[in-house]
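These notes concern the structure reproduced below.
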Amino acid sequence: KKKKKKHISLFSLFYFLYSSDGTEDSDFSADLEPTEGSESAHRRSSTRLTRASLRLSQSSQADLKQAEQDETPPRTPTGNAPSSESDIEVSSPSNDLVSPKAAAHDLSHRPKRRRFHESYNFNMKCPTPGCNSLGHLTGRHERHFSISGCPLYHNLSADECKGKASTREKQSEERTLSHRQDENRHSTRSQAPTERQLRYKEKVTDLRRKRNSGLNKEQKDKYMEHRQSHGTSREPLLENITSDYDLELFRKAQARASDDLEKLRLAGQVSEGSNMIKTIVFGRYELDTWYHSPYPEEYARLGRLYMCEFCLKYMKSQTILRRHMAKCVWKHPPGDEIYRKGNISVFEVDGKKNKIYCQNLCLLAKLFLDHKTLYYDVEPFLFYVMTEADNTGCHLVGYFSKEKNSFLNYNVSCILTMPQYMRQGYGKMLIDFSYLLSKVEEKVGSPERPLSDLGLISYRSYWKEVLLRYLNNFQGKEISIKEISQETAVNPVDIVSTLQSLQMLKYWKGKHLVLKRQDLIDDWKAKETKRGNSKTIDPTALKWTPPKGT
């Protein structure tokens, strides 16, 4: 009886594993051999127990199929299920069907199924109009979800991309073979080029000589028709613009860049359909973003942007940024420098004269401001950009924008301090500079509402400092909110709200009284002495005339 039970468990276990995986498991092959008795006796006992073992194995297989229905293995980006045996999880049968010897061979050593990204969005589609997301520019993937890998955007088909991929692979193999043949040659700088290299150089020279000098009328009409029918949704036609050799080099670079982006996307380093830029490389800093900014879709999909800290142009890769920095002649913002003291400068930039720079500045600011709504309509605004200078140039610290003609006398529309310069006093300097401009204009200013959370904290802190400084220097007995407003250029509504928050405004016998709380003034003096005058605006360093209305 003990032997029969052992045969039942081993046979059912073997049938269960064979029917679920389709192949025998090497760990159990040794246990399936009979330990006692002849081969014929084993065959007779196995025949008698076939029906019972089949019923047991079928019940186990039904349980496995039900478990697979409950948890379907995720499909790969190309739409294929995992094919390798190591990618499939195999659950062991119940303990009453497993012999002690077989139970020792558990399945814990087998690797579990590797799941794809839980955040992967299978409903993503290529942004190119009319594209079904099939094919890839590299010819190695069955689907794509970005313009960089879209064959239709590059005026190609999926089959053409596969053909070009096979051609590139053959060329790569030939190049590798030729390099191996040259391995015996010593790699010295004075080494002369080989005959193969000379022949290749002559071939490239001949190919470039065959380039057409210009486009004929038919080709120009074809290009114009393509541009009018597709606009910016398709890549311009590139044939006959340069030599076939250079065009093929450009196509190879496009395919290689698309393949690199696809690897980053599969590794989870590129945002999947969220259009959320996670980090930006800005100068020597890498900054984590806080909010969404409406950058073009092909840039927003990357997850990381590279920016020139002087002209604020945004790029896709470190290589493009490095090449741009080698050619960029900007070392400070455009416009007029209206303030300079030490290494701190402020430039006045007109949104009408420098539209691209101001739009890039607004897109950059939206990454760190939640309530900002101005991105592209920058012509009615002036931008005051604060920089910190060193031997490499003027680095962006922060900025605030201001309407040229504000009906409500707003002196600030949007204000931002870059994250790497926060909590260093630059925010108060920007606010103080905006009120300094209001004093020169002989107006009372106020920031545009609604204020963001950080903006409200900064302005409340600034208004508190201004009022405590004014009360510390005030020697009279009667004080007027209107006089405070005229001397500080702060709106009376902001003054009253700040006095109420400081509990310095009381209503007594039908009159409003301002209490001079000496404890708050003493605390402000101690902080002012400790902080020093390094982060303050000097009115004498301002060289500015209020602009006339446009």
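When a residue number appears, it is its place in the shown sequence, counting from 1.
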Checklist entry - Is there a donor-acceptor pair closer than 3.5 Å between any side-chain N or O of Lys404 and the backbone N or O of Glu379? => result yes
Checklist entry - Got a donor-acceptor contact below 3.5 angstrom from the Glu286 side chain to the Val281 backbone? => result no
Next on the checklist: Quick check on Lys355: does its NZ atom have over 12 non-hydrogen neighbours (other residues, nucleotides or ligands) under 6.0 Å away?
Outcome noted: no
Item to check | Residue pairs, two or more places apart or on separate chains, that pass side-chain hydrogen bond (donor to acceptor under 3.5 Å, both in side chains) and touch residues 432-451 | outcome: Lys402-Glu441, Asn411-Ser438, Ser413-Glu448, Asp432-Tyr462, Tyr435-Trp463, Ser446-Arg449, Ser446-Asp494, Arg449-Asp494
Next on the checklist: I want to check something: taking the side chain as every heavy atom from C-beta on, are Ser497 and Arg460 in contact at a cut-off of under 4.5 Å?
Outcome noted: yes
Next on the checklist: Using side-chain heavy atoms (C-beta onward) and a distance below 4.5 Å, is Val378 in contact with Leu361?
Outcome noted: no
Checklist entry - Do you know the tightest heavy-atom contact between Tyr421 and Val397? => result CD1-CA, 3.8 Å
Checklist entry - Could you state the interatomic distance from CH2 (Trp330) to SG (Cys394), rounded to the nearest 0.5 Å? => result 13.0 Å
Item to check | Main-chain N/O of Leu382 paired to Ser401 side chain as donor or acceptor, under 3.5 Å | outcome: no
Next on the checklist: Measuring only between side-chain heavy atoms, which start at C-beta, is Pro419 closer than 4.5 Å to Asp288?
Outcome noted: no
Item to check | Any donor-acceptor pair under 3.5 Å from Ser461 side chain to Ser458 backbone | outcome: no
Checklist entry - Is it the case that more than 12 heavy atoms not belonging to Glu298 sit under 6.0 Å from its CD atom? => result yes
Next on the checklist: Tell me whether the rings of Tyr299 and Tyr314 are parallel (<30°), tilted (30 to 60°) or perpendicular (>60°).
Outcome noted: perpendicular
Next on the checklist: Distance check, rounded to the nearest 0.5 Å: Leu312 atom CG versus Phe310 atom CZ?
Outcome noted: 10.5 Å
Checklist entry - Would you say the side chain of Ile338 lies within less than 4.5 Å of the side chain of Tyr384, judging by non-hydrogen atoms? => result yes
Next on the checklist: Would you say CZ of Arg340 has more than 12 non-hydrogen atoms from neighbouring residues, nucleotides or ligands within 6.0 angstrom?
Outcome noted: no
Checklist entry - Can a salt bridge be assigned to the pair Glu248 and Lys252 using a cut-off of 4.0 Å between side-chain N and carboxylate O? => result no
Checklist entry - Between Leu430 and Ile415, which heavy-atom pair has the shortest distance, and what is it? => result CB-CD1, 3.8 Å
Item to check | Derivation of the side chain to side chain contact (heavy atoms under 4.5 Å, CB included) call for Gln420 and Phe282 | outcome: CA-CA 10 Å; Gln420 66 268 30; Phe282 193 81; 4.0 Å; yes
Item to check | Gap between atom CG of Leu321 and atom NZ of Lys316 - 0.5 Å precision | outcome: 14.5 Å
Checklist outcome for this item: For Thr138 and Ala255, the nearest pair of non-hydrogen atoms, with its separation, is CG2-O, 3.2 Å
Next on the checklist: I'd like to check the side-chain hydrogen bond (donor to acceptor under 3.5 Å, both in side chains) partners of Ser148; sequence neighbours left out, ordered by chain and number.
Outcome noted: Ser146
Checklist entry - When you look at His144 and Ser258, which way does the side chain to side chain contact (heavy atoms under 4.5 Å, CB included) test go after all the steps? => result CA-CA 10 Å; His144 67 275; Ser258 179; over 6 Å; no
Checklist entry - Of the non-hydrogen atoms in Met307 and Leu367, which two are nearest, and what is the gap between them? => result CE-CD1, 4.2 Å
Next on the checklist: With rounding to the nearest 0.5 angstrom, report the OH to CD distance, Tyr426 to Glu388.
Outcome noted: 3.5 Å
Next on the checklist: Using 0.5 Å steps for rounding, measure from the CH2 atom of Trp544 to the CG atom of Leu542.
Outcome noted: 7.5 Å
Item to check | Inter-residue atom distance Glu297.CD - Leu302.CG, 0.5 Å rounding | outcome: 11.0 Å
Checklist entry - For Ile344, does its backbone N or O pair with a side-chain atom of Tyr339 as donor and acceptor, under 3.5 Å? => result no
Item to check | Heavy-atom side-chain proximity of Tyr399 to Cys414 below 4.5 angstrom | outcome: yes
Item to check | Pair Gln254, Glu235: side-chain N/O donor-acceptor within cut-off below 3.5 Å | outcome: yes
Next on the checklist: For the CZ atom on Arg517, are there more than 12 heavy atoms of other groups (residues, nucleotides or ligands in this structure) within a distance under 6.0 Å?
Outcome noted: yes
Checklist entry - Any side-chain heavy atom of Cys311 sitting closer than 4.5 Å to one from His324? => result yes
Next on the checklist: Does Thr536 form a side chain to side chain contact (heavy atoms under 4.5 Å, CB included) with Met429? I'd like the steps, not just the answer.
Outcome noted: CA-CA 6 Å; Thr536 56; Met429 289 182 68; over 6 Å; no
Checklist entry - Hey, which of Leu287, Leu305, Ile280 is the one that makes side chain to side chain contact (heavy atoms under 4.5 Å, CB included) with Leu364? => result Ile280
Checklist outcome for this item: Tightest non-hydrogen contact, residues Ile537 and Met386, listed as CD1-CE, 4.4 Å
Next on the checklist: Tell me the closest heavy-atom pair linking Pro294 and Lys366, and the distance in Å.
Outcome noted: CD-CG, 4.1 Å
Checklist entry - When the ring planes of Trp290 and Phe368 are compared, do they come out parallel, tilted or perpendicular, using 30° and 60° as the limits? => result perpendicular
Checklist entry - Under 4.5 Å between any side-chain heavy atoms of Cys362 and Phe383, yes or no? => result yes
Item to check | Steps toward side chain to side chain contact (heavy atoms under 4.5 Å, CB included) verdict (Val444, Asn409) | outcome: CA-CA 7 Å; Val444 174; Asn409 287 333; over 6 Å; no
Checklist entry - Charged N to carboxylate O under 4.0 angstrom, Lys527 versus Glu465? => result no
Next on the checklist: Whether the side chain of Thr529 engages the backbone of Lys525 through a donor-acceptor N/O pair (distance < 3.5 Å, no angle test) should be reported.
Outcome noted: yes
Next on the checklist: Quick test of your reading: applying side-chain hydrogen bond (donor to acceptor under 3.5 Å, both in side chains), list the pairs with at least one residue in residues 151-164, sequence neighbours left out, ordered by first then second residue.
Outcome noted: Asn155-His226
Checklist entry - Does the Thr387 side chain pair with the main chain of Leu396, one donor and one acceptor, at a distance under 3.5 Å? => result no
Next on the checklist: Taking the side chain as everything from C-beta on, heavy atoms only, tell me whether His141 gets closer than 4.5 Å to Asp259.
Outcome noted: yes
